[in-house]
Structures are given as structure tokens and as C-alpha cells.
2 protein chains.
Amino acid sequence: MTVRRLQYFVAVADELSFTAAARVLHMAQPPLSMQIRELEHELGVDLFRRGPRGVALTAAGQALLPEARQLLERYDLLPLVARRAGSGEVGRLAVGLVPSAANGRLPGVLHRFRGKFPDVHVSLVEDRPAELLRQLDAGHLDIVLQYSPPVRPAHGGRVLAEEAFVVALPPGHRLAARRSIPLQALAEEPFIMPMRHGGEGLYERIIKLLADHQVVPDVVQSDIWLLQTIVGLVAAGVGLSIVPESASVIRGGEVIYRPIAAQLDPVPLVAVWRLADESPTVRRFVAEWA
Amino acid sequence: MTVRRLQYFVAVADELSFTAAARVLHMAQPPLSMQIRELEHELGVDLFRRGPRGVALTAAGQALLPEARQLLERYDLLPLVARRAGSGEVGRLAVGLVPSAANGRLPGVLHRFRGKFPDVHVSLVEDRPAELLRQLDAGHLDIVLQYSPPVRPAHGGRVLAEEAFVVALPPGHRLAARRSIPLQALAEEPFIMPMRHGGEGLYERIIKLLADHQVVPDVVQSDIWLLQTIVGLVAAGVGLSIVPESASVIRGGEVIYRPIAAQLDPVPLVAVWRLADESPTVRRFVAEWA
DNA sequence: TTATCGACATATGATTAAGATATGACCGTA
DNA sequence: TACGGTCATATCTTAATCATATGTCGATAA
């Protein structure tokens, strides 16, 4: 029993004539008769009663017809299912985020992506960079957004956005009067550091930035997971901190953001994925940032 | 795309290895690779990522797998569906009845048949013999139960049961004292006749029976559709009547049934069906009377 | 009755697809 | 560097499918 034989069967059942069905199927009548006869032989039952002027369905044929129709419908849809999944129009996308990356353009990108591909289920996971990369390799994540380019050959990456660092100050702070803050000025200030989680994260970026300018910060608070919390502590007057520019939308009135008075490398936000997959869903998600 | 290629795809997806899948499928590995490659080419998407130690499903493959499984399941069931219908285990059976035939063993037969083949939908239609045969030819009925053998070459028939005629009397009637009633005695009695509907039905049988014995009945009531009604009229003292033996279960206490004192041909209850069909469902229904 | 038409079945040769065997390329491991 | 495992490629053989031509049967009409 093949799909084609079922198609032949349905055609003959529709036309109630071998000759007419053969015309519809763009084939000669004898092979059609053969195929139907073969099908009947395989099934062990007659599907048609042959008459001199056309054919009629037997009980078995009547029972088989709707089943065959349903099957052929599903069968015809299979290529579509595969192609849609292959082109990334359906499926799932698990995005891993370094905590501080959950800001800036991400909400807008997510919104547009979900609008374009409503059949793709997007899930967000927030964790430390090392853990995210582990889950990426394990296949639990499809893409990781972090602040450093991929270091493993199995990973592909692309810079999604570049952000400058800014200094976050409480309003009324003496440095708030200046338009830009020299890094050296921070040495004399109480400083708030984010969570340190190994690899090249926000913590390491800031440490390196300060070290490059021979500044030793007076850390009064550290190991903060979320940028929101850091900004909150700044607003409360605990100290000041360095955050990505995109964080400056947080607590507009209560915290002052000032650029750093130095020529700095911008911080890249990098998407990392498995090269082995090259999932079109991932490609489309990355393309959304362009 | 063929069913076999889908089966191959599922096998490889299950084993996550071409070599292992080929073993399961009892075939060599190269043709399996070929078939999968062909399938991928047709669909326009890759289904597997080939690695040095096995393969993994792509997004398209993951999407296709459950669909293919479902399709194959239905596909495997198709022969069963056709065969069960072909053997008469499922389907429908439309039985046409001459009104007076709806008695005797029919309820028991119906009950047993429905017990044996619960998936066969049995419907009963009561009408005149001529109309029933017309509907039989039109395909609206599968079998007709009547009191005469088939007269058309397109029809097959079999006697399901033979019944003697008996006389139905009201209790206390003067003839009730006798063990058997001579037909001539009926000439002096008020007589109730069933509905006349052309063809060879109960009416014609009784008319012929009486004529054969030179009895002219005193018909006080006629055109009664149902035997139950006739028996009811007898019980009410309207008159007496001749009914098939099987009707003697009706109104046990209120009506007396007596055999006819004459050597009579028994009345055959005949099943009639289309020879062209030879439906197994019809065969099984007829066999139930054996 | 016989001729003819229409519809399905049978027969045979040509084309195409699917399978097996043998071999090659590539990666990881000892 | 050699070896084992896995998938890809090449070639041949076999089997299935299709088309053309022809046969059979029943219905219809002269």
C-alpha cells in the first residue's frame, strides 16, 4: 500500500469511473486499474464493484474513503510543516541572558520578533554567563546574550549593539554638576559593584575599565544581581556606580547619569549560538537587531 | 515523498544513527542515506545534522517527527479499517420490513446481531413491499424481509423462517372450544383483514388461502397496518382473523389462537438483498436466523 | 439478431526507482 | 600514526510502474 495508490483510490471513488479518474490523474486507464487491483489484493477486500457503465463503492470502499481522504490531507501538509519549521516560522527559541543585558533594545526587539513570528515560542532565562554557555552547549538554550564575544570555536557570535558606560549618581551629588565625569574622580567615592560571576561579564568590564585608568574604587556594596537594584542603591545614596548607557532609563528623576570623560571602548552586547545548528530561528532573531 | 521515506526518517530519528536505523530496517546503510537525502531535497530543508558519531535532528526534523509519527500510525490502521468494514464488523445495515413481518424471531435476532456487531448501525424501515424493493434497488436499503421469494434476477433471497397461519379468536368464542378450526367455519364469522399493499403480502396470502378453500369472508374491518392492531380488534370482539403463528405471543390472555384444520403451505419469511453487493454485513444478518 | 459503442481487463516492452556491494572521506581515539 | 566507527559516493542488479495495443463484456440501436 502506497500513498499514490490511496490517491488513485480516492480519484476513482470521486469519479466513480476508472476512465474518468485516469483522465484526472493524467495517466492511462490500464495502470490505474492495475494499481487499484493491487491495492484491493493487499487489503484483502474489494473496494469497487465493477459494472459495464462505471463502478460503485463496496462497504469496505465506503469505509476506507473518508479515512484515506483524511490521511492524504495530513500527508499533503507535511512538507509545509517541515519547511515552516526549517525557515524558522514555527518552533521555539530559548534565549539566555546575562542579568544586566536585560535592558536597552531587548524589549523592543522581543516585541517585534513575537509580532513577526507568533508561532515561535520565545523563553528567557537569566543566569551567570558560564552557566548560560553550559546550557547552550547542552542544547537547552538556543542563543545567549552577553557582554563578551564567543571564545569557543563551536560558537558563532555577532555584536548586536554597542553601549557606552555611564556613571550613575544620586541627585545633588557634587559630581552631578559636571557634564562628564573623569574616572579618577571615582576613586574618592563610595562605589557599588555588580555580581561577579566569572568569565567576561559586567563586573570584569568595570574592573578592567578602572584598572586601565589606575583607579582603585572604594567598594561599599557588591554582588548585586540586577542593574535595577544597583540603580536603586544609587538613588538611596549608598554610593555611585558605572552602568551601561541603556540602563539610564531606570528611575529617571531619582538618579543622574553622566558620561565618562575618557575615550573608552564601547561595551559590545554579543549574541552567541551554536555553530553546529545555524537555526534559522536564531538567525531571524539576530537579524531583528540590525 | 513516500510513506517509506517517512518510515525511514522516523527510524533514523529514533536511533539517531543511519547505521543503527539501517539494521533495524533490515537494509544496508547507503540506500538509507540516499532516501533520507532525497527526502530532504524534496522538502527543501535538512532534517538531520550529520556528525562523526551519529546524527541530530534539526529544527525542521524536530517539527516533522511527531507529524510523521501520527501519519504513520493512521496509515498502519488503514488496512484494518477496510478489512473490518469488508468483513461486516462495522458499517450500517438498513433493513426493510413488511409491517406484519415485524414480529416472531426478529426481536431476538436483532438483539443477538447487535451484541455480536456493536459497530454496525442497524436501522429498520417499515413500508409496503413494492416501496421496499424500490428502495432496495436504489441502495437505501440493504435487505428486505417479506413474505414472498424474490422475483427479480438482481435479487438474492433466503427463507429465514416458516410460519403457519393460525386463527385468532376472542376468548369465549364458540369456535374457541375446538382444538383446530376448519377454514369453512370462518365464512360465517365477522373477519378482520390487514392492509392491502400490492405485491405478495400478508393480505394476498390470506385472500389466496381462503379462496383456495372456497371461503368468502365477511370482512367487517380491513386495511389494518399492524398485527398488534388486528389482535387488539380481535380481543375487543370486533371479529376474528388469520395471523402468522408468531403473532400468538400478542395479548396472551385476551386472545385465543387455534391452528387451522387443513394441510396448508407454511408462509415463508424471506430475506431479499441485491446480488450485486453480497455485503458481508447482509450475509451475517441472514446467518443469524439459522 | 447483430453491429457498435463504452468501460474495464489483460499483455508486453520501456523507463525509472530502490536496493546491495564495494569503496572513499572524515573524525575521534589509542 | 594507525585504527575503528560513521556517513557519503559509485556502480550494478532487480523490481515496480507506466504506456501502447488488444481483448472481453454488457448495453443500445438498427
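Just so it is clear: chains get the letters A, B, ... in the order the sequence lines come, proteins before strands, and each one is counted from 1. Because the structure is a prediction, the values reported are computed rather than measured. Below, all heavy atoms of this structure are taken into account, side chains as well, without hydrogens, waters or symmetry copies.
As rounded to whole Å, 12 Å separates atom C1' of C:dG19 from atom CG of B:Leu32. Nucleotide C:dA17 holds its P atom 9 Å from the CD atom of B:Glu38, rounded to whole Å. Rounding to whole angstrom units, NE2 of residue B:His41 and C1' of D:dA8 are separated by 17 Å. The distance from atom CZ of B:Arg37 to atom C1' of C:dA18 is 17 Å, rounded to the nearest whole Å. The nearest whole Å value for the distance from the CD atom in A:Gln7 to the P atom in D:dT17 is 13 Å. Straight-line distance from the CD1 atom of B:Ile36 to the P atom of C:dA17: 18 Å, rounded to whole Å. Note: CE (A:Met34) to C1' (D:dA21) measures 14 Å, nearest angstrom. One interatomic measurement links the two molecules: CD of A:Gln35 to C1' of D:dA19, which rounds to 13 Å at whole-angstrom precision.
Residues B:Glu89 and B:Arg83 are not paired through a salt bridge, judged by the lack of any N-O separation under 4.0 Å between the basic side chain and the carboxylate. Salt-bridge formation is detected for the pair B:Arg50/B:Glu40: a Lys NZ or Arg NE/NH1/NH2 atom is positioned less than 4.0 Å from an Asp or Glu carboxylate oxygen. Salt bridge present: A:Asp14 and A:Arg69 bring a charged side-chain N and a carboxylate O closer than 4.0 Å. At a threshold of 4.0 Å, the pair A:Lys116-A:Glu288 counts as salt-bridged, since one of the basic side-chain nitrogens sits closer than that to a carboxylate oxygen.
When heavy atoms are screened at a 4.0 angstrom cut-off, A:Tyr8 is found touching the sugar-phosphate backbone but no base atom. Residue B:Arg49 is out of contact with every strand shown, counting any heavy-atom pair closer than 4.0 Å.
Between the side chains of B:Gln35 and B:Arg4, no donor N or O sits under 3.5 Å from an acceptor N or O. A donor atom on one side chain and an acceptor atom on the other are not found under 3.5 Å apart for B:Thr58 and B:Gln62.
Here A:Ser33 does not reach the OP1 or OP2 of C:dC8: none of its side-chain N or O atoms lies under 4.0 Å away. When the side-chain nitrogen and oxygen atoms of B:Arg5 are compared with OP1 and OP2 of C:dA17, none of them lie within a distance under 4.0 Å. Between A:Arg50 and C:dA7, a side-chain N or O to OP1/OP2 separation shorter than 4.0 Å is absent.
Under a 3.5 Å cut-off, the side chain of A:Arg158 and the backbone N or O of A:Val272 do not form any donor-acceptor pair.
For A:Pro31, whose side chain is taken as the heavy atoms from C-beta onward, the closest listed nucleotide among C:dT10, D:dC18, C:dA18 is D:dC18.
Contacts with DNA chain D (heavy atom under 4.0 Å) in residues 16-30 of chain B: B:Ser17, B:Phe18, B:Thr19, B:Gln29, B:Pro30, listed by number.
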